[in-house]
Q: 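Please find one structure pasted underneath; my questions will follow.
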Amino acid sequence: PTLMSAFMADTVRSQTFVRSRLTVHPDDEHALFFLGKMDLNYVWLQLGTLGRKTGWDEYWEARRSLDRVLEMNPAHVRARVARAWVDYIVGSSVPRGARWLLGGGNKKRGLLSVREVAERGSGDFFDQAEAKFALWDMQVREREVPGAIATARTLVRDFPENRELRKFLAIHDPTALVIDPELPSP
């Protein structure tokens, strides 16, 4: 309860700060992006982790913020990844008849978008890491095992201590952990 209270207080404080910044600078790309990310983090926590059906306003604010960022800068890597997650989750987790309530979603479009970003290699190291982890996660969810193996192999070189990557590769491609002598054994 203490951690949840602290998280909620930080979220509200951050949203308030960014919203006030946007009243002064409505086209601040960084502020729009971070508002969208904070809102989505709140929504995913509520729905995915806690199972609470709340966060309607934050969801719509996130979509509008991210869409505005992408209008201004279609190459914004992290906004493209976040928006791809929205398409993917709505397209794969929401019943077909209710998707329109959330502005539509399309898991294939989400997967394609995140694949394009991850394969293009634009953005800094951490932007690309976020894109590649998103791609890997979606590939695993879609049971695209060969693609997920290839993506995990590239990720484990930069993140050799990542337990989820190592566990996945140990099950699906144990030689990946043996081939690279710099990687510790699982």
Q: When rounded to the nearest 0.5 angstrom, what is the spacing between CG in L165 and CZ in R157?
A: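 Rounded to the nearest 0.5 Å, the CG-CZ separation comes to 11.5 Å.
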Q: Once side-chain hydrogen bond (donor to acceptor under 3.5 Å, both in side chains) is applied, do any residues pair with E61, and if so which ones, sequence neighbours excluded?
A: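 For E61 the side-chain hydrogen bond (donor to acceptor under 3.5 Å, both in side chains) partners, ignoring immediate neighbours, are R19.
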Q: Using modelled atom types only, decide if a donor and an acceptor are shared between the side chain of Y59 and the backbone of L102 within a distance under 3.5 Å.
A: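 A pair under 3.5 Å: yes.
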Q: Cut-off 3.5 Å, no hydrogens considered: what does the side-chain donor-acceptor table look like for residues 3-11, sequence neighbours left out?
A:
from, atom 1, to, atom 2, distance (Å)
S5, OG, P1, O, 3.0
D10, OD1, R13, NH2, 2.2
T11, OG1, F7, O, 2.9

Q: Checking side chain to side chain contact (heavy atoms under 4.5 Å, CB included) against K132, which of V81, D127, L155, D137 comes through?
A: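 Among V81, D127, L155, D137, the one that satisfies the side chain to side chain contact (heavy atoms under 4.5 Å, CB included) with K132 is L155.
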Q: Could you tell me which residues satisfy ring-ring contact (aromatic ring centres under 6.0 Å, His included) with Y42, sequence neighbours excluded, listed by chain and number?
A: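 Applying ring-ring contact (aromatic ring centres under 6.0 Å, His included) to Y42 gives none.
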Q: Once you round to the nearest 0.5 Å, how far does CD of Q128 lie from CG of L135?
A: 10.5 Å
Q: State which residues pass side chain to side chain contact (heavy atoms under 4.5 Å, CB included) with N106; sequence neighbours excluded, sorted by chain then number.
A: K108, R109
Q: Measuring from atom NE2 of H25 to atom CG of L32, what distance do you get when rounded to the nearest 0.5 angstrom?
A: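 With rounding to 0.5 Å, NE2 (H25) is 12.0 Å from CG (L32).
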Q: Please name all residues satisfying salt bridge (charged side-chain N to carboxylate O under 4.0 Å, His left out) with R83, sequence neighbours left out, ordered by chain then number.
A: D67, D87
Q: Where is the tightest heavy-atom contact between A148 and V140, given as atom of each residue plus distance?
A: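 Residues A148 and V140, closest heavy atoms: CB-CG2, 4.0 Å.
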Q: Hey, is the main chain of F17 close enough, under 3.5 Å, to the side chain of S20 for a donor-acceptor pair?
A: yes
Q: To the nearest 0.5 Å, how far apart are CZ in R120 and CZ in R115?
A: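 It is 14.0 Å, given to the nearest 0.5 Å.
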Q: Determine whether K107 and E142 satisfy the following criterion, side-chain contact (heavy atoms from CB on, under 4.5 Å), listing intermediate values before the conclusion.
A: CA-CA 10 Å; K107 73 177 184 174; E142 292 299 308; 3.4 Å; yes
Q: Between A31 and V18, what is the shortest heavy-atom contact and its length?
A: O-CG1, 3.1 Å
Q: Suppose we screen for side chain to side chain contact (heavy atoms under 4.5 Å, CB included). Which residues come up paired with A79, at least two apart in sequence or across chains?
A: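 Expected list: F33, L66, V69, L70, H76.
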Q: When rounded to the nearest 0.5 angstrom, what distance separates OG in S14 from NZ in K37?
A: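 If I round to the nearest 0.5 Å, the distance is 14.0 Å.
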Q: According to a hydrophobic-cluster definition based on side-chain heavy atoms being under 4.5 Å apart (Ile, Leu, Val, Met, Phe, Trp, Tyr only), do V86 and W60 belong together?
A: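 Shared cluster, yes.
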Q: Go through the structure and list residues passing side-chain hydrogen bond (donor to acceptor under 3.5 Å, both in side chains) with D28, not counting sequence neighbours.
A: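 Partners of D28 under the side-chain hydrogen bond (donor to acceptor under 3.5 Å, both in side chains) test: R21.
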Q: Taking the side chain as everything from C-beta on, heavy atoms only, tell me whether L45 gets closer than 4.5 Å to L50.
A: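 In contact.
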Q: With rounding to the nearest 0.5 angstrom, report the CD to CE distance, E144 to M138.
A: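 CE of M138 is found 11.0 Å from CD of E144.
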Q: Hey, is the main chain of T151 close enough, under 3.5 Å, to the side chain of T154 for a donor-acceptor pair?
A: yes
Q: Applying side chain to side chain contact (heavy atoms under 4.5 Å, CB included) between E58 and each of L40, V43, N41, L35, report the one that passes.
A: V43
Q: Report the residues that fulfil side-chain hydrogen bond (donor to acceptor under 3.5 Å, both in side chains) with S65, sequence neighbours left out, ordered by chain and then residue number.
A: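 Residues passing side-chain hydrogen bond (donor to acceptor under 3.5 Å, both in side chains) with S65: none at all.
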Q: For S113, check side chain to side chain contact (heavy atoms under 4.5 Å, CB included) against everything at least two apart and list the hits.
A: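 In terms of side chain to side chain contact (heavy atoms under 4.5 Å, CB included), with neighbours along the sequence ignored, S113 is linked to R80, A84.
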Q: May I ask you to say whether R68 pairs ionically with E71, meaning some side-chain N is under 4.0 Å from a carboxylate O?
A: yes
Q: Under the rule for ring-ring contact (aromatic ring centres under 6.0 Å, His included), what residues qualify as partners of F126, not counting sequence neighbours?
A: none
Q: Mind checking what makes ring-ring contact (aromatic ring centres under 6.0 Å, His included) contact with F168, not counting sequence neighbours?
A: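 Here the qualifying residues are W136, H172.
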Q: Compare every heavy atom of V114 with every heavy atom of A131, then report the nearest pair and how far apart it is.
A: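 What the structure gives for the nearest pair is O-CG2, 3.8 Å.
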Q: With sequence neighbours left out, which residue pairs that include part of residues 78-105 fulfil the ring-ring contact (aromatic ring centres under 6.0 Å, His included) condition?
A: W85-Y88
Q: Do L47 and R52 have side chains that get closer than 4.5 Å, going by heavy atoms?
A: no
